[in-house]
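Basis for what follows: all heavy atoms, side chains included, without hydrogens, waters or symmetry-related copies.
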Amino acid sequence: LDRGNVGIGLTNPASTLDVKSPSGSNKSVIITRSSGAEAVNLAETLSHNALQIFNKASGSYLNFAGNATHTAIQAQSNGSTAEDIALNPYGGFVGIGTTAPTDPLTIHNGTPSIKFKDTSSNGEAFWQLDGTEMKFFNKSSNGDMVFGTSNAAKWKMLSTGHLVSNNQHAFDIGGVNAEVRNIYAQG
């Protein structure tokens with residue numbers, strides 16, 4: 001067809017391809033990819049996918065692929081540059097493990113957690129809610145944990161378990177005249 005719309009399951013298609021499932025059907029479109037080959041790098045995602053959406057004239061693609069263990073969604077421009085994906089940029093919440101998110105990101109799971117991985121150093125950290133206890137772990141070898149405000153370190157928990165402030169006091173409470181120094185515990 002030249003300059004026409006194609007309709008499947010309807011007679012007045014509203015866009016280039018308009019698909020309407022029959023009454024009583026729970027599925028509209030199924031795309032089956034017979035190859036199990038998966039992309040191993042960004043350039044291969046253009047040729048190893050089940051569905052590819054060309055988003056804009058300048059060459060932005062959204063590729064859906066994967067294998068028997070996972071599904072991959074990759075945005076890229078012309079096969080050479082990874083692009084950002086914005087979820088609900090104009091409002092709404094995102095849910096993982098829930099169909100009714102109540103915050104910008106809501107995670108429901110038996111023990112919800114968020115893992116951070118630095119691929120350049122292989123360092124790892126994660127937050128986890130276990131019952132009523134909130135945990136934050138730095139799983140990196142001998143890694144410290146830094147706490148701060150305005151992009152400046154204020155406190156550091158050393159890998160030894162010692163807590164020091166940015167001015168190297170062992171522990172500060174309140175203002176300048178209310179300091180507690182060198183707290184030791186024996187056990």
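Closest of all the heavy-atom pairs between S159 and G143 is CB-O, 3.6 Å. Here the shortest heavy-atom pairing between A125 and F136 reads CB-CZ, 4.4 Å. What you find for P112 and N109 is that their closest heavy atoms are CD-O, 3.4 Å.
Under the side chain to side chain contact (heavy atoms under 4.5 Å, CB included) test applied with N138, the options M145, E124, M157 reduce to a single match, M145. Applying the side chain to side chain contact (heavy atoms under 4.5 Å, CB included) test between W127 and each of M134, K135, K115 identifies M134 as the sole match.
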Can you check side chain to side chain contact (heavy atoms under 4.5 Å, CB included) on I85 and I73, steps first, answer last? CA-CA 9 Å; I85 295 176; I73 301 172; 4.1 Å; yes
Tell me, with the steps shown, if D103 and V94 meet side chain to side chain contact (heavy atoms under 4.5 Å, CB included). CA-CA 8 Å; D103 293 287; V94 174; over 6 Å; no
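Remark: L17 CG to N5 CG distance equals 9.0 Å, nearest 0.5 Å. Of the inter-residue distances, the one linking S77 atom OG with L42 atom CG reads 8.5 Å to the nearest 0.5 angstrom. Between atom OH of residue Y61 and atom CD1 of residue I53 there is a gap of 12.5 Å, rounded to the nearest 0.5 Å. Distance check, rounded to the nearest 0.5 Å: CZ of F116 to CZ of F137 gives 14.0 Å. Expressed to the nearest 0.5 Å, how far OG1 of T11 lies from NZ of K20 amounts to 9.0 Å. Taken to the nearest 0.5 Å, the OG1 atom of T98 stands 4.5 Å off from the NE2 atom of H108.
Between the side chain of T106 and the backbone N or O of T102 there is at least one donor-acceptor pair closer than 3.5 Å.
Between N63 and Q52, the side chains place a donor N or O and an acceptor N or O closer than 3.5 Å (distance only, hydrogens not considered). Inspection of the D18 and S15 side chains reveals no N or O donor paired with an N or O acceptor under 3.5 Å.
Residue N12 qualifies as open at atom CG: its count of foreign heavy atoms under 6.0 Å is 12 or below. In K117, the NZ atom is crowded: over 12 heavy atoms of neighbouring residues, nucleotides or ligands sit closer than 6.0 Å.
Cluster membership check: F126 does not share its hydrophobic cluster with F147, using side-chain heavy-atom separations under 4.5 Å among Ile, Leu, Val, Met, Phe, Trp and Tyr.
Side-chain contact check for P13 versus V6: every heavy-atom pair is 4.5 Å or farther apart. Using a 4.5 Å heavy-atom cutoff, the side chains of I96 and L105 are in contact.
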